[in-house]
2 protein chains.
Amino acid sequence: MSGIADVARIAGVSKSTASRALTGGGYVSESTRQRVIDAARVIGYVASPNAASLVTGRTKNVGVIIPFVNRWYFGEVLEGIEDGLLACDYDLTLYNVRPGTTSRARIFEHFLARKRFDGIITIGIEPSPAELARLVSLERPVVALGGQLPGIASVSIDDVAVSRLATEHLIGLGHTRIVHIGGERSDDLVGSVHGRRLTGYMDAMEAAGLGAQILYVPSDMSVPGGYAAGVQVIGDPRNRPTAISAASDEVAVGTIIAARRTGMEVPSDLSVVGVDGHEYAEMFSLTTVEQSPREQGAAIVDLLMDALEGRPSADHVLLHPTRLVVRSSTARPRPEAMTRS
Amino acid sequence: MSGIADVARIAGVSKSTASRALTGGGYVSESTRQRVIDAARVIGYVASPNAASLVTGRTKNVGVIIPFVNRWYFGEVLEGIEDGLLACDYDLTLYNVRPGTTSRARIFEHFLARKRFDGIITIGIEPSPAELARLVSLERPVVALGGQLPGIASVSIDDVAVSRLATEHLIGLGHTRIVHIGGERSDDLVGSVHGRRLTGYMDAMEAAGLGAQILYVPSDMSVPGGYAAGVQVIGDPRNRPTAISAASDEVAVGTIIAARRTGMEVPSDLSVVGVDGHEYAEMFSLTTVEQSPREQGAAIVDLLMDALEGRPSADHVLLHPTRLVVRSSTARPRPEAMTRS
DNA sequence: CTGAAAGCGCTTACAG
DNA sequence: CTGAAAGCGCTTACAG
């Protein structure tokens, strides 16, 4: 394992000069720089990040705090972040704070305290006050993706608006008996993304004078969750809605699977709309409000880099664009269904 | 930011003693140790990993090289590994070498060379000779999950056997026109998991005297991939098989979705069997050969820890157990279908 | 059982 | 533009 002393010796300069040539700081004559760089390449020299960090105080590493890795949104975002960090020459340390595990406390209290990073990106995390205090105490820039941390720069979509738009799409088609699946009032660790999407649904219903028809069924934000809830909602033939506004595409897909299994046709018997732009959306011809988590991952990296390099960032809270994509999981309700309402 | 000198001062001892008390190495009287620990707690002291690594040569960090984060198997395994490393007090640095990206080369040539880890876990990676040479040149223990690296300790399932078993299950039910979806001959970066599963299918067919009926359709190892391939296979009413042996549950699920969409009933018109034990399996009543990626993640961490602590590991190539779980996506073929064969 | 000293591999003022 | 020296925050022989 060769060190900078070896490079210096081969290039015939001092360690100081070798360091300057390699890191790009300070004056070095072009010819010397070239000689040093060549020497480094010849022996395959790579600076020890530990030693460098010790003196510079920078680690060239970013910590990513994420609740799941195995859900579409989180996986996409994580890959977007990884790409972004790679381009900036940063490593990524993964802190998986799955809700309902004891490891979450351990990570916040023990692992983060090591400060092995120049900054932190949280994804879909709504920290408790104690956790937030921990985060602040690290004295490193923190940026948030898809969660609202007080006083922390963030990137997200407007979760209320997307769900309102999805619901308005159903209302515009003539539906009145619209059930929302996914939402819940209580906000748990994943953040109240589903809570805000429920709000969007309710807003749309009320604005259309359908406040009395508001009905929502809580569900896990996953395909099996949507399936289980869908079976329940569809099961009762007398109170069956004509349309479902799902809190996410995973929930929507689960609902469609449940519908098909029950022998219902989508969209003739039941319209279903989701939110996300999931990779399965096309396969299920799912009408949805699309977001782009990969780009959000890139955007949050940019925001963090601004903070790390002391650049003022354009915006404190960056709202990422979304768009309604109409496919064939939604249609006008059947006439008899409409009159029954 | 307080250092060990502060702890030492408060506890009234030297830095040496403070360090010994905190790291557990060498002799320290019980009372002194307690005083040091208390002092550290009072000021919230956490040793700088950089400084410690610089002298010990250990980073307490593990690099994980993974092609995807967004596929069920990989996500599960990653969470299992994260849990295991957490328990051993190791951080996890993620190296996402998605196939078909330029970042793969950059990671192998640039990022890994920093050696920010005590060891490496590769997941489903079949490195090129050059990449393997890189890995070896790091002079750190490397262990592999689900890929075969020459001379490297590994954990995996018997991919040939699971697929053979799945196919035998179909044959046992009386099927003879069985198509395999997923397999391909060429092996790409993800490793030839699908190649080995194709082999298992062919072995079973040949052993049953059905060699002439062997037929396989390549597909992406994903739900949309299985859907697309399924539509093709099912589309031709004259050559339609009575059963599908899918290379993975994701492919199987995609096939089932395609079948339902085409108006076919599973299993009465078509039996489908998968491999994995995916979280969707139950929702689709999928018969499958179950593996447990989370436990494999734990097992590979154990293997790496053995190597890091100089313990001889029990086994060099550890084959993880699997089991056939019969649900209702498979059944005897219809009589007329059988005679037609 | 404890402390003074050296050193891990770098970078960075500071002189020249 | 270049080099000698100090120091980043720890741990570890080595004496005592």
Side-chain angles (χ1 to χ4, degrees), chain A residues 1-40 43-61 89 91 113-118 138-140, chain B residues 1-40 43-61 89 91 113-118 138-140:
Chain A
M1 214 180 62
S2 43
I4 199 170
D6 302 301
V7 176
R9 190 166 7 85
I10 294 175
V13 296
S14 70
K15 288 196 298 172
S16 326
T17 303
S19 174
R20 273 192 300 261
L22 259 19
T23 59
Y27 296 91
V28 185
S29 78
E30 201 34 60
S31 65
T32 312
R33 180 185 306 277
Q34 231 6 282
R35 241 179 325 129
V36 173
I37 290 174
D38 290 346
I43 61 174
Y45 168 77
V46 176
S48 151
N50 282 325
S53 297
L54 194 54
V55 29
T56 62
R58 321 253 357 225
T59 62
K60 281 282 181 180
N61 186 42
D89 205 33
D91 279 311
R114 291 181 179 167
K115 304 194 199 182
R116 287 197 147 167
F117 36 73
D118 296 331
L138 297 173
E139 300 175 303
R140 301 274 188 285
Chain B
M1 216 180 63
S2 43
I4 199 171
D6 302 300
V7 176
R9 191 166 8 85
I10 294 175
V13 296
S14 69
K15 289 196 299 172
S16 327
T17 303
S19 174
R20 272 191 302 262
L22 258 18
T23 60
Y27 295 91
V28 185
S29 78
E30 200 36 58
S31 64
T32 314
R33 180 185 305 278
Q34 228 10 279
R35 239 177 328 127
V36 172
I37 289 175
D38 289 346
I43 61 174
Y45 168 78
V46 176
S48 151
N50 281 325
S53 297
L54 194 54
V55 29
T56 62
R58 322 256 352 228
T59 62
K60 282 283 182 177
N61 186 41
D89 205 33
D91 279 311
R114 292 180 178 168
K115 304 194 198 181
R116 287 199 146 165
F117 36 73
D118 297 331
L138 297 174
E139 300 177 299
R140 302 274 188 283

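All chains are named by letter (A, B, ...) in the order of the sequence lines, taking the proteins before the strands, and each is independently numbered beginning at 1. Here the structure is a predicted model, which is why all the values come from computation and not from measurement.
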Item to check | S2(B) and V7(B): CA distance, side-chain angles, deciding distance, side chain to side chain contact (heavy atoms under 4.5 Å, CB included) verdict | outcome: CA-CA 8 Å; S2(B) 43; V7(B) 176; over 6 Å; no
Checklist entry - Are R140(A) and F117(A) close enough, and set up right, to give a side chain to side chain contact (heavy atoms under 4.5 Å, CB included), and what steps lead you there? => result CA-CA 8 Å; R140(A) 301 274 188 285; F117(A) 36 73; 4.2 Å; yes
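Look at Y27(B) and you won't find any side-chain N or O under 4.0 angstrom from OP1 or OP2 of dT12(D).
The salt bridge (Lys or Arg N to Asp or Glu O under 4.0 Å) search around R9(B) returns D6(B), not counting sequence neighbours. By the salt bridge (Lys or Arg N to Asp or Glu O under 4.0 Å) test, R114(A) pairs with D89(B), D91(B), sequence neighbours left out. Every residue two or more places apart in sequence or in another chain was checked for a side chain to side chain donor-acceptor pair (under 3.5 Å) with S16(A), and none qualifies.
Here the side chain of R20(B) is nearest to one of dC10(C), dC10(D), dC14(D), namely dC14(D). Across dG7(D), dC10(D), dT2(D), the shortest atom-to-atom separation from the side chain of A51(B) is found for dC10(D).
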Using residues 44-54 of chain B as the side-chain source, report each donor-acceptor pair under 3.5 Å to any protein atom, sequence neighbours left out, with the distance given to one decimal.
| residue | atom | partner | partner atom | Å |
| --- | --- | --- | --- | --- |
| S48(B) | OG | N50(B) | N | 3.4 |
| S48(B) | OG | A51(B) | N | 3.1 |
| S53(B) | OG | P49(B) | O | 2.7 |
| S53(B) | OG | R58(B) | O | 2.9 |

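One can place CZ of R33(B) at 13 Å from C1' of dT2(C), the figure rounded to the nearest angstrom. Between the CD1 atom of I4(A) and the P atom of dA5(D) there is a distance of 17 Å, rounded to whole Å. Computed from coordinates, the R35(A) CZ to dC1(D) C1' distance equals 12 Å when rounded to whole Å. Atoms CZ (R116(B)) and P (dG9(C)) sit 17 Å apart, rounded to a whole Å. Atom CG of L22(A) is separated from atom P of dT11(C) by 8 Å (rounded to the nearest Å). Taking atom CG of residue N50(A) and atom P of nucleotide dG9(C), one finds them 11 Å apart after rounding to whole Å. If you measure from atom CZ of R58(B) to atom C1' of dT12(D), you get 16 Å, rounded to the nearest angstrom. Atom NZ in K115(B) sits roughly 11 Å away from atom P in dC10(C) (whole-Å rounding).
Where pairing requires Watson-Crick or G-U contacts shorter than 3.5 Å, the helical stems of DNA chain C with at least three consecutive pairs are C:1-3 with D:14-16, C:5-12 with D:5-12, C:14-16 with D:1-3.
Along DNA chain C, the nucleotide nearest to S29(B) and the one nearest to V46(A) differ in position, and the one closer to the 5' end is contacted by S29(B). Where T32(B) and L54(B) meet DNA chain C, the nucleotide closest to each residue was compared, and T32(B) sits on the side nearer the 5' end.
Between the side chain of R20(A) and the main chain of V28(A), no donor-acceptor pair closer than 3.5 Å is present.
A heavy-atom distance below 4.5 Å is found between the side chains of R35(B) and V13(B).
Taking OG1 of T17(A) as the start and CD1 of I4(A) as the end, the distance is 9.5 Å to the nearest 0.5 Å.
Residues of residues 10-17 of chain A that place a heavy atom closer than 4.0 Å to DNA chain D, in numerical order, are V13(A), S14(A), S16(A), T17(A).
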